[in-house]
Amino acid sequence: MMRRILGITSILSLLVFSCTKKDVAADGKSNSNTVVYNVNKATILELVNNVRKAGCNCNGTIMPPVAEVAWNDQLAKAAFDHSVDMKTNNYFSHTGLDGSTVGQRITAAGYNWSTYGENIANGYTTEQDVINGWLSSEGHCKNIMNADFKDMGVGRDGNYWTQAFGSK
């Protein structure tokens with residue numbers, strides 16, 4: 001009876017450990033496929049930085065290459081919260097229903113900014129699609145290519161997307 005209990009315990013232990021998702025690789029770095037705030041962080045960051053490194057034509061305005069942005073969890077949290085608010089309350093605006101501005105939202109998330117910007121989108125289902133949408137809009141494209149921005153975070157709820165940029 002004791003062997004049977006030990007055998008069952010061993011099997012349960014194997015199941016628990018083999019089904020645990022590892023977010024950190026053996027080298028201690030984050031898994032590149034980490035989904036945060038309903039966005040594949042590595043994918044969206046790579047898409048944005050590829051455009052920034054190459055330069056872009058924003059509907060007739062030639063934007064030269066600029067430095068990459070870094071992922072920032074505070075900006076991502078502010079972006080996610082805004083996407084949740086828009087989806088929950090069925091509206092689409094840079095101004096929150098409570099009257100909040102982008103600056104107020106990223107400050108509330110703990111990001112001490114000197115400059116900021118925001119892109120919003122609705123109806124897109126993948127990171128590639130939303131980036132293509134933003135790049136086809138002159139204002140959104142210019143935000144992506146703004147050399148003053150050093151940090152970025154993106155959050156999504158359903159098909160509502162918010163991209164927040166900032167510099168400290």
Side-chain contact, heavy-atom cut-off 4.5 Å: [X] with [Y]?
X      : Y      : result
Asn72  : Tyr111 : yes
Thr162 : Val154 : no
Lys142 : Met63  : yes
Trp134 : Trp161 : yes
Met152 : Trp71  : yes
Asn159 : Thr125 : yes
Phe165 : Asp151 : no
His140 : Gln163 : no

TODO: Hey, can you tell me if Phe92 and Tyr160 have their rings parallel, tilted or perpendicular (30° and 60° cut-offs)?
DONE: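 Tilted: the ring planes of Phe92 and Tyr160 meet at 30° to 60°.
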
TODO: Report yes if the SG atoms of Cys58 and Cys141 are separated by under 2.5 Å, and no otherwise.
DONE: yes

Task: Any donor-acceptor N/O pair, Thr95 side chain to Thr101 backbone, under 3.5 Å - done: no

Open item on the list: Determine whether a donor-acceptor pair (N or O, by modelled atom type, separation under 3.5 Å) exists between the side chain of Ser136 and the backbone of Gly133.
Closed with: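 Answer holds: yes.
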
Open item on the list: Going by the rule side chain to side chain donor-acceptor pair (under 3.5 Å), which residues pair with Lys87 if we only count those two or more places apart in sequence or in a different chain?
Closed with: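 Residues passing side chain to side chain donor-acceptor pair (under 3.5 Å) with Lys87: none at all.
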
TODO: Could you tell me the separation between the CD atom of Glu68 and the CG atom of Asn49, rounded to the nearest 0.5 Å?
DONE: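 So the gap between those two atoms works out to 4.0 Å.
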
Open item on the list: For the CD1 atom of Ile106 and the OG atom of Ser100, what is their distance to the nearest 0.5 Å?
Closed with: 11.5 Å

Task: Verdict with reasoning, Arg105 to Glu118, per salt bridge (Lys or Arg N to Asp or Glu O under 4.0 Å) - done: CA-CA 11 Å; Arg105 290 191 295 272; Glu118 180 181 70; 3.0 Å; yes

Open item on the list: Go through it in stages, so that I can follow the logic: the residues are Asp81 and Lys77, the test is side chain to side chain contact (heavy atoms under 4.5 Å, CB included), and I'd like the CA-CA distance, side-chain angles, deciding distance and then a yes or no.
Closed with: CA-CA 6 Å; Asp81 289 347; Lys77 172 74 168 122; 2.9 Å; yes

Open item on the list: Quick check on the hydrophobic clustering: are Val48 and Val102 connected, directly or via other members, by side-chain heavy-atom contacts under 4.5 Å?
Closed with: no

Task: Stepwise side chain to side chain contact (heavy atoms under 4.5 Å, CB included) test for Lys150 and Val69 - done: CA-CA 5 Å; Lys150 308 299 180 207; Val69 290; 5.8 Å; no

